[in-house]
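Please read these numbers as outputs of a predicted model, since none were measured by experiment. Just so we're on the same page: letters track the sequence lines, and every chain starts at 1.
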Amino acid sequence: MSNPSIEQHIITSLTELALSEGIKPDNITLEIPRQKEFGELACNVAMHSAAQIGIAPRALAERLAQAFPCSGDGVEAVNVAGPGFLNFKLAPGYFHRLLAEILQDPQGFGSSTESAADSPQSMVQSPQSVVNRRGLTAELGENRWLFEFVSANPTGPLNVVSARAASVGDALVRIFRKRGYTAHSEYYFNDGGKQVLLFGASVRARLAETEGRADEAVIPEDGYQGEYVIDVARSWRLANPDVTEFDDAAIGRWAVDWMLKAQQAQLARFRVSFDRWFRENELYDDGRVETTVKRMTELGITYDKDDALYLKTKDFGDTDDRVVRTSDGRLTYRVPDIAYHLDKFARGYARSVDLLGPDHHGHIITMTAAMKALRLPDGFYTALIAQQVNLKRGGEEIKMSKRTGVMLTLDELVDEVGVDAARFFFLRRKVSSPLDFDLELAKKHNDENPVYYVQYAHARICSILRQPRAKEFGFWILDFGLKNEEAHERRVIPAQAGIQTDGLQIEDCRLDVEERSETIQNPKSKIQNPSGLPLHLLTAKEELDLLRQIALFPWTLAAVVRTIEPHPLTSYLVDLARCFHLFYQRHRVISDDKEMTAARLALCYGTAAVIKEGLNLIGVEAPERM
RNA sequence: GCGCCUGUAGCUCAAUCGGAUAGAGCAGCGGCCUUCUAAGCCGCAGGUUCCGCGUUCGAUUCGCGGUAGGCGCGCCA
């Protein structure tokens, strides 16, 4: 049995067998049983289809199981259990072959194009289409995804919710790319309007305060009260030593630019980079905001009332219609946001996934309705709420800082617990769940802390691979690194024709096309001739358990893509580390038995590769020593 | 009042498109280092999955109705 994948093989075989039983098998799927006594894969086709030919599910399952072709390096046995499950037990030879494939291309394991035929290492067949739990579908080929996250106004330091969104968004982008998607990240920010004016006024007040002009040192009622504004004021004065005329707008523009650079530095330190920083003003400057208003009017989805212009969002699912132009002629924030999403669509993205803060979820229903009203395809717009982070220090809640105006800034978080622990903790829970974050726990370097549990497994393996005896067998420490510096060269090409969607012509279509650089991998990471290794000696329970867990890696990544939730990956890595620690405890890798030593070194090497790549995907280091 | 999120072991949370006996970690007790890293491993407990009804061969999962907590409901962003 060779490529295509084992899952494809099982599904194809089952389909043929079902047809010969006179059953029309629609949508045969495999799942991974909860209990491992049930084998590695299970299928419920008998329960679904038995009614078609009027026999009991178990009886049908028995017939299918009897006829199923087994082999020494694929499916070893098929059993019927429970109400009619078909349970597939995979042969050890299957896992040995899989390990050999990993050794040949350690970093490539788990990669996919999310299509059925060409993911040979995949434990479970990737779906033909990706349907997430919100019922949205992305067909194959529609693989350009844009992830927008953080998108905080550059008027203050980034807080922990931004940190959470940064961890999640960045991990999603990395994982989607690994699974063959074209995924980009964007940070959208407001560089104009009322907030910038207010920020400018706040900076001016702080400036007056530091320069002893008490009568001018009044921060506006709804201005920025945080003491960090003093830093901004001082920096402004250093950059503008001779200015005596104070203009809120000009100071605001300068301050926003300053703060944006600070945020970029904070995010870079957190190992999060964006493919594009998108200025809201850009949408005004090139007329896309006005075009959007015009388009809404032409589509007849607006009306005038009380001198204001309303968008009929209520007709498309919102609880109310929404004002898009106020009675004094200003456009509300919704218009550039809608224009921004039209722009994303025009740039050829099939999906826009926005990570929003918990205080913005009222905005989603309006935006969803607006997308519908403007006739963008269903499923283009997806908004996820990164829920609040409850910060604690040793069980005690952290209070708002007067200095920063937030409980904890991203920088303070990194200072206190480090990037690795912070990122790992943010990814342990569903995005939509509130997250308890105890800084004391994240700082602990002991068994209570899952980050170090996973990293320790990797460091232990490196320690083995450092042994002189290991090098004799041709194994080296893996040296592919974090891929956050991966280059994306982008160029914009004019579209052949505009994009057409349900009567809406988007004429100013500009597809961003990126050329991805090949990831450079040290050739030492690839093990030559792995099929010559005596992997068949890996038959102990702990060895096979570890191999099974390794085999789940592609499936786990597929689950992340399907649910648009990165948290299954952290759970997976903890489980993988546990399997390794257990193996390590029970079996000596380097011994006088040369054959067994070679086989176990290979197992260790494969495990390290998966841990390292898994940690890469969530932006966490895999240290070689701890 | 309306909308969104959440409710699972003492605590923090998992649970695959609706699947089989609902699983981990922590907290508690007891063991394991002259041998590749003890930041590790092993053993011992804990459940009306908030409540009710419905759909289904099968519900923690889907639907309806309650209930508790969080958040949001502006011609602010």
Side-chain angles (χ1 to χ4, degrees), chain A residues 27 29-35 37-38 42 44 47-48 50-51 56-57 81-85 87 124 127 131-133 135 153 155 190 193-195 222 280 305-310 318-320 322-334 336-337 357-366 385 387-388 390 395 428-430 432-436 438 441 444-453 455-457 459-467 469-470 555-556 558-559 562-563 567-568 571 574-575 577-578 580-582 584-586 588-591 597 600-601 604 625-626:
Chain A
N27 203 17
T29 57
L30 297 176
E31 61 191 89
I32 292 161
R34 196 139 47 183
Q35 317 280 328
E37 307 88 81
F38 293 139
N44 60 9
M47 278 115 82
H48 283 298
F85 284 103
N87 291 330
V124 165
V131 182
N132 73 14
R133 64 191 154 82
N153 276 345
T155 52
N190 185 344
K194 193 173 152 191
Q195 294 307 314
D222 43 0
E280 182 186 286
K305 184 180 148 195
D306 306 332
D307 297 326
L309 186 68
Y310 281 75
D318 200 353
T319 50
D320 273 305
R322 304 292 173 183
V323 173
V324 290
R325 181 186 287 133
T326 65
S327 50
D328 56 4
R330 290 176 299 110
L331 295 173
T332 64
Y333 69 95
R334 298 184 185 99
D337 203 15
D359 50 340
H360 283 75
H361 71 236
H363 185 47
I364 295 176
I365 190 166
T366 299
I385 295 293
Q387 277 293 350
Q388 66 194 50
N390 300 315
R428 293 192 69 206
R429 305 286 173 244
K430 274 188 299 195
S432 58
S433 298
L435 174 80
D436 277 20
D438 192 323
L441 177 59
K444 279 187 186 170
H445 287 210
N446 63 16
D447 57 350
E448 292 173 52
N449 193 326
V451 189
Y452 300 107
Y453 185 83
Q455 290 182 323
Y456 184 58
R460 262 187 159 173
I461 295 172
C462 289
S463 172
I464 296 171
L465 295 173
R466 268 195 301 273
Q467 303 293 315
R469 296 274 315 273
W555 178 87
T556 304
R562 187 178 65 245
T563 57
H567 83 273
S571 304
V574 171
D575 290 343
R578 180 173 299 117
F580 174 74
H581 287 311
L582 185 58
Y584 179 90
Q585 204 75 27
R586 295 276 171 83
R588 232 189 126 70
V589 175
I590 295 173
S591 69
T597 300
R600 288 186 176 152
L601 280 170
C604 288
R625 296 172 198 268
M626 288 174 74

Query raised in the report: If only atom types and distance count, is the side chain of A:N153 paired as donor or acceptor with the main-chain N or O of A:T155 below 3.5 Å?
Result: no
Query - Whole-angstrom distance between B:U49 and B:A24, as gauged at atom C1' - result: 16 Å
Requested in this report: Any chance you could lay out the side-chain hydrogen bond (donor to acceptor under 3.5 Å, both in side chains) test for A:T326 and A:D328, step after step, and finish with the verdict?
Outcome: CA-CA 5 Å; A:T326 65; A:D328 56 4; 2.4 Å; yes
**Report entry** Separation of the C1' atoms in B:A59 and B:G69, to the nearest angstrom
**Finding:** 24 Å
Query raised in the report: If the C1' atom of B:A15 is compared with that of B:G23, how far apart are they to the nearest Å?
Result: 7 Å
Report task. Side chain of A:N153 only, please: which of B:G19, B:A77, B:G25 is the nearest? Result -> B:A77
**Report entry** For A:R466, salt bridge (charged side-chain N to carboxylate O under 4.0 Å, His left out) partners two or more places apart
**Finding:** none
Query - A:R334 and A:H363 side chains, donor-acceptor separation under 3.5 Å - result: no
Query - Rounded distance in Å - NE2 (A:H581) to C1' (B:G40) - result: 6 Å
Query raised in the report: How many Å lie between CZ on A:R330 and C1' on B:C76, as a whole number?
Result: 9 Å
Query raised in the report: Of the candidate nucleotides B:C76, B:U21, B:A39, which contains the atom at the shortest distance from the side chain of A:E37?
Result: B:U21
Report task. Could you please name the partner base of B:A68, counting Watson-Crick and G-U wobble pairs only when both distances are under 3.5 Å? Result -> B:U6
Query raised in the report: Can you tell me how far P of B:G40 sits from CD1 of A:I464, to the nearest Å?
Result: 16 Å
Report summary line: ring pair (Phe, Tyr, Trp, His ring centres under 6.0 Å) filter on A:F85, not counting sequence neighbours, yields none
**Report entry** A:G82 vs A:R625, nearer the 5' end of RNA chain B by closest nucleotide
**Finding:** A:G82
**Report entry** Expected output: side-chain A:T332 to main-chain A:V323 donor-acceptor under 3.5 Å
**Finding:** yes
Report summary line: In whole angstroms, the gap separating C1' of B:G40 from CD1 of A:I461 amounts to 13 Å
Query - Separation of the C1' atoms in B:A20 and B:G1, to the nearest angstrom - result: 45 Å
Report task. Answer yes or no as to whether B:A39 has its base stacked against A:Y453, where stacking requires a ring-centre separation under 5.5 angstrom and planes under 30 degrees apart. Result -> no
Query raised in the report: What nucleic acid atoms does A:A459 come within less than 4.0 Å of, heavy atoms only: base, sugar-phosphate, or nothing?
Result: base
Report task. Give A:D307 one of three labels, base, sugar-phosphate or nothing, depending on what nucleic acid heavy atoms sit under 4.0 Å from its own. Result -> nothing
Query raised in the report: If you check the A:T326 side chain, which of B:U16, B:U6, B:C76 turns out closest?
Result: B:C76
Query raised in the report: Which listed nucleotide (B:C42, B:G19, B:U21) is nearest to the side chain of A:N44?
Result: B:G19
Query raised in the report: Out of B:C13, B:A24, B:C75, which nucleotide sits closest to the side chain of A:R578?
Result: B:A24
Query raised in the report: With rounding to whole Å, what would you report as the distance between B:A14 and B:U61 at their C1' atoms?
Result: 13 Å
**Report entry** Between C1' of B:C13 and CG of A:D436, the distance in whole Å
**Finding:** 10 Å
Query raised in the report: Counting distance only, does the side-chain N/O of A:S433 pair as donor-acceptor with the main-chain N or O of A:R429 below 3.5 Å?
Result: no
Query - Minimum heavy-atom distance A:D318-A:I365, with the two atoms named - result: OD1-CG2, 3.3 Å
Query raised in the report: Contact class for A:A457 (heavy atom, under 4.0 Å): base, sugar-phosphate, or nothing?
Result: nothing
Query raised in the report: Which part of the nucleic acid does A:P434 contact within heavy-atom distance under 4.0 Å: base, sugar-phosphate only, or nothing?
Result: sugar-phosphate
Requested in this report: Walk me through it: do A:N190 and A:Y333 pass the test side chain to side chain contact (heavy atoms under 4.5 Å, CB included)?
Outcome: CA-CA 9 Å; A:N190 185 344; A:Y333 69 95; over 6 Å; no
Query raised in the report: Taking atom P of B:C4 as reference, at what distance in whole Å does atom CD1 of A:I365 sit?
Result: 7 Å
Query raised in the report: Just how far, in rounded Å, is P of B:C32 from CG of A:L582?
Result: 19 Å
Query raised in the report: Do we see A:Y584 stacking on the base of B:G40, given a limit of 5.5 Å between centres and 30° between planes?
Result: no
Report task. Considering only atom P, compute the distance from B:G43 to B:U55 and round it to an integer number of Å. Result -> 44 Å
Query raised in the report: Going by a 90° cut-off around 0, is B:C33 syn or anti?
Result: syn
Report task. Kindly point out which of B:C17, B:C76, B:U21 is positioned nearest to the side chain of A:T29? Result -> B:C17
**Report entry** Closest to the A:Q35 side chain, choosing from B:A77, B:G40, B:G23
**Finding:** B:G23
Query raised in the report: Picking from B:U16, B:G40, B:A20, which would you name as closest to the side chain of A:Y456?
Result: B:G40
Query raised in the report: Just by distance, do the side chain of A:H581 and the backbone of A:Y453 share a donor-acceptor pair under 3.5 Å?
Result: yes
Query - A:I32 side-chain proximity, nearest of B:G40, B:A14, B:U16 - result: B:U16
Query raised in the report: Are OP1 or OP2 of B:A15 and a side-chain N or O of A:R34 less than 4.0 angstrom apart?
Result: no
Query raised in the report: In terms of the nearest nucleotide of RNA chain B, which residue is placed more toward the 5' end: A:Y310 or A:D575?
Result: A:D575
Can you check nucleotides 71-74 of chain B for protein contacts, nitrogen or oxygen pairs under 3.5 Å, and list what you find?
residue : atom : partner : partner atom : Å
B:C71   : O2'  : A:P358  : O            : 2.9
B:C71   : O2   : A:H361  : NE2          : 2.9

Requested in this report: Describe the nucleic acid contact of A:P568 in one word from base, sugar-phosphate, nothing, applying a heavy-atom distance below 4.0 Å.
Outcome: nothing
Report summary line: When rounded to whole Å, the CG to P distance for the pair A:L30 and B:A20 reads 16 Å
Query raised in the report: In the structure shown, which nucleotide is the Watson-Crick or G-U wobble counterpart of B:G1, with both distances under 3.5 Å?
Result: B:C73
Query raised in the report: If we take the P atom in both B:G10 and B:A45, what is their distance in whole Å?
Result: 16 Å
**Report entry** Presence of A:R428 side-chain N/O under 4.0 Å of B:G25 phosphate oxygens OP1/OP2
**Finding:** no
**Report entry** Euclidean distance for P, B:A22 against B:U16 (whole angstrom)
**Finding:** 14 Å
